[in-house]
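Note that ligands are numbered from 1 as they come in the structure, with each ligand's atoms numbered from 1 the same way.
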Amino acid sequence: MPYDLIVIGSGPGGYFCAIRAAQLGMKVAVVEKDKTFGGTCLNIGCIPSKALLHASELYEESGLLFDKMGIKVGRPKLDLAAMMKFKDEGVDGNVKGVAFLFRKNKIDTFRGAGRIAAPGKVEVKAADGKTETIEARAIIIATGSDVARLPGIDIDERRIVSSTGALLLDKVPDRLLVIGAGVIGLELGSVWRRLGSKVTVVEFLDRILPGIDNEVCRQFQRLMEKQGITFKLSSKVTAVDAADGKLKARIEPAAGGAAETLDADVVLVSIGRAPFTEGLGLEDVGVKKDNKGRVVVDAHYATSVPGIYAIGDVIAGPMLAHKAEDEGVAVAEILAGQAGHVNYDVIPNVVYTYPEIASVGKSEEELKDSGVDYKVGKFPFTANGRAKVNLQTEGFVKILADAATDHVLGVHIVGADAGNMIAEAAVAMEFGAASEDIARTCHPHPTLSEAVREAALAVDRRAINM
Ligand SMILES: Cc1cc2nc3c(=O)[nH]c(=O)nc-3n(C[C@H](O)[C@H](O)[C@H](O)COP(=O)(O)OP(=O)(O)OC[C@H]3O[C@@H](n4cnc5c(N)ncnc54)[C@H](O)[C@@H]3O)c2cc1C
């Protein structure tokens, strides 16, 4: 019997879509080419990177802070193999969770690479070469993204690695060269620095973390430098010589000029990700892509071919798991005749370093560029009681509110646990809150979240603890 829906790809976009569609009464099939479900996020992205960030943060903290708190554990010793096992067990639990949810929601799963043979028809080729064709009223492309590569620099996932190899190293590299100061480079650079590497980050632009509020980035870069990470901005790596068992990276100024050579034991290429549509047969069925290889969709996630939809990293927009998840839910609801919708103005963005960066809404630069008149409220964690007692005083909260209406337009946090705190700002913005609404909301004491309230009070120059 044909399905109502075939979802190709079981990452956060695909598996959320499949489950929501099943909840709405659809008969759903999921096609996945990898051994486990969960896509990039659960297998080689969000989950394993956060496991290593968490473990390496505790490792560093136990050496630096425990003593100050009267906890005598001696110098921490690293058992990297055990740390990797801890990470793998976390991944295993998560991917098994997706398999359980598929069973629970009576979703059929097909192991193999899916190819759209025609609208309504997906051919699945299993690892042993066997193929079968399944049919459905609608097909969702949720095939995600793959590592973006640099011409002339071959990733072998041992010494020249992508994020995937950087999550698997069996030895702490003495010198790690990170190409690209984006989220993934800074998160994985932080992991290996904490475990003992000397980390240098080379970035083509004159700033780190493009897209994030400038003031936040400036303070964050200083904090990273204090922790021992070296940045070479406005620079590009043009070649990595891997002869003689050593890696020698050639680094040139972005604007041109004399090159220098930097020795490294491992090079991490983290210049971004590219949409993945290989083998899907999109050209044959006429699904249009843009000049960046992303599947083109309308506001309802419909591609140029009726009955074929796309969501997640494979379409335009921030490459984030929660964006893919929300699109998965939205398209399932649209197909069920409901009003599925994603508010792209309120998608939080988090960098899970220490301290974390979290933001939602517009940066100051974006507001200036679009000529919006705004007010700023800022509050530093040095003035927050809980941050002081926890020895977590780095960073600040910044709230940007419309000068005329007081509506919250953007919230930016650098600080411990910023990723959890930003959810409050996202809810407030989703409900169209004014900074006054956050300022008037009773926040629990003593928590870091009081800094969010104080920043809201500071919009109107009435912060209490400053
Ligand atoms: C190191 C790293 C850390 C990250 N950390 C975060 C984070 O902390 N927070 C966050 O929000 N985002 C993070 N991301 C990004 C996040 O992983 C992606 O945005 C998210 O996984 C995209 O989901 P998706 O469903 O679109 O695609 P994916 O998760 O990429 O899933 C696509 C799936 O489709 C399958 N597939 C592809 N083609 C076919 C085919 N033809 N047939 C069958 N199956 C196919 C793939 O095997 C894969 O399982 C991180 C990424 C990386 C690499």
Ignoring angles and geometry beyond distance, decide whether Ile8 reaches within less than 3.5 Å of ligand 1 through its nitrogen or oxygen atoms.
no
Polar contacts were defined as any N/O atom of the residue lying under 3.5 Å from an N/O atom of the ligand; does this apply to Cys41 and ligand 1?
yes
Can a donor-acceptor pair be found, under 3.5 Å and without considering hydrogens, that links the side chain of Glu157 to the backbone of Gly165?
yes
Should Ser197 and Pro173 count as side-chain neighbours, where that means a heavy-atom distance under 4.5 Å?
yes
Heavy atom of the protein closest to atom 38 (N) of ligand 1 (residue, atom name, distance):
Thr143 CG2, 3.3 Å
Numbered atoms and elements of ligand 1 in range of Asp34, under 4.0 angstrom, heavy atoms
47 (O)
Do Gln227 side-chain atoms and Ser190 backbone N/O form a donor-acceptor pair below 3.5 Å?
no
Which is closest to atom 51 (C) of ligand 1 by heavy-atom distance: Ile184, Val350, Val30, Ile311?
Ile184
Atom 41 (N) of ligand 1: the protein heavy-atom neighbour that sits closest, reported with distance to 0.1 Å:
Gly114 O, 3.0 Å
How close do Asn94 and Gly90 get, counting heavy atoms only, and between which atoms?
ND2-O, 2.9 Å
What residue and atom, counting heavy atoms only, is the protein's closest point to atom 10 (C) of ligand 1, and at what distance?
Ala321 N, 3.5 Å
Any heavy atom of Gly279 sitting closer than 4.0 Å to ligand 1?
no
Smallest separation among heavy atoms of Val91 and Leu42, with atom names
CG1-O, 3.4 Å
Checking contacts here: is it the side chain or the backbone of Ser163 that comes within 4.0 Å of ligand 1, counting heavy atoms only? Could be both or neither.
side chain
Decide if atom NE2 of His54 counts as having more than 12 heavy atoms of other residues, nucleotides or ligands within a radius under 6.0 Å.
no
Identity and distance of the protein heavy atom lying nearest atom 2 (C) of ligand 1:
Gly45 CA, 3.3 Å
What atoms of ligand 1 come closer than 4.0 angstrom to any heavy atom of Ser49?
3 (C)
Considering non-hydrogen atoms only, spot the tightest contact between Ile8 and Gly114 and give its length.
CG2-CA, 4.5 Å
Under 6.0 Å from the six-membered ring centre of Phe381 and within 45° of its axis: does the NZ or CZ of Arg386 meet both?
no
Between Glu203 and Phe231, does the side-chain contact (heavy atoms from CB on, under 4.5 Å) criterion hold? Intermediate values first, please.
CA-CA 8 Å; Glu203 167 58 51; Phe231 290 94; over 6 Å; no
Residue Leu320 vicinity, atoms of ligand 1 by number, heavy atom under 4.0 Å
10 (C), 11 (O), 12 (N), 19 (O)
Please report whether ligand 1 has a polar contact with Gly312, defined as an N or O pair separated by less than 3.5 Å (distance criterion only).
no
Can you tell which of Cys17, Cys46, Gly11 gets a heavy atom nearest to atom 9 (N) of ligand 1?
Cys46
Tyr352 neighbourhood, listing ligand 1 atoms whose heavy-atom distance to it stays under 4.0 Å
8 (O)
For Thr164 and ligand 1, answer yes if some heavy atom of the residue is under 4.0 Å from a ligand atom, otherwise no.
no
Under 4.5 Å between any side-chain heavy atoms of Pro275 and Val295, yes or no?
no
In ligand 1, which numbered atoms sit nearer than 4.0 Å to a non-hydrogen atom of Phe276?
37 (C), 38 (N)
Taking the side chain from Gln392 and the backbone from Ala416, do they hold a donor-acceptor pair closer than 3.5 Å?
no
Test Phe276 against Val314 for side-chain contact (heavy atoms from CB on, under 4.5 Å), laying out the working first.
CA-CA 6 Å; Phe276 183 79; Val314 80; 5.7 Å; no
Closest to atom 34 (O) of ligand 1 (judged by heavy-atom distance), picking from Ala324, Gly112, Gly9:
Gly9
Can you report which non-hydrogen protein atom sits closest to atom 30 (O) of ligand 1, along with the distance?
Thr40 OG1, 2.6 Å
Top protein contact for atom 44 (N) of ligand 1, by heavy-atom distance
Lys33 N, 3.2 Å
Go through Glu364 and Leu400 one step at a time and tell me if the side-chain contact (heavy atoms from CB on, under 4.5 Å) criterion holds.
CA-CA 7 Å; Glu364 276 204 71; Leu400 306 171; 3.5 Å; yes
Where ligand 1 meets Ser145 - atom numbers and elements under 4.0 angstrom, heavy-atom basis
30 (O)
Any nitrogen or oxygen of Glu278, side chain or backbone, less than 3.5 Å from one on ligand 1?
no
Does a donor on one side chain and an acceptor on the other come within less than 3.5 Å for Glu215 and Gln219?
no
For ligand 1, which part of Ile44 has a heavy atom less than 4.0 Å away: the side chain, the backbone, both, or neither?
backbone
With respect to atom 15 (C) of ligand 1, which of Glu325, Arg115, Lys50, Met319 exhibits the smallest heavy-atom separation?
Met319
Quick one: nearest non-hydrogen protein atom to atom 46 (C) of ligand 1, plus distance?
Glu32 OE2, 3.5 Å
Distance from atom 26 (O) of ligand 1 to nearest protein heavy atom, with residue and atom:
Asp313 N, 2.9 Å
Atom CG of residue position Asp170 - does it have more than 12 heavy atoms of other residues, nucleotides or ligands inside 6.0 Å?
no
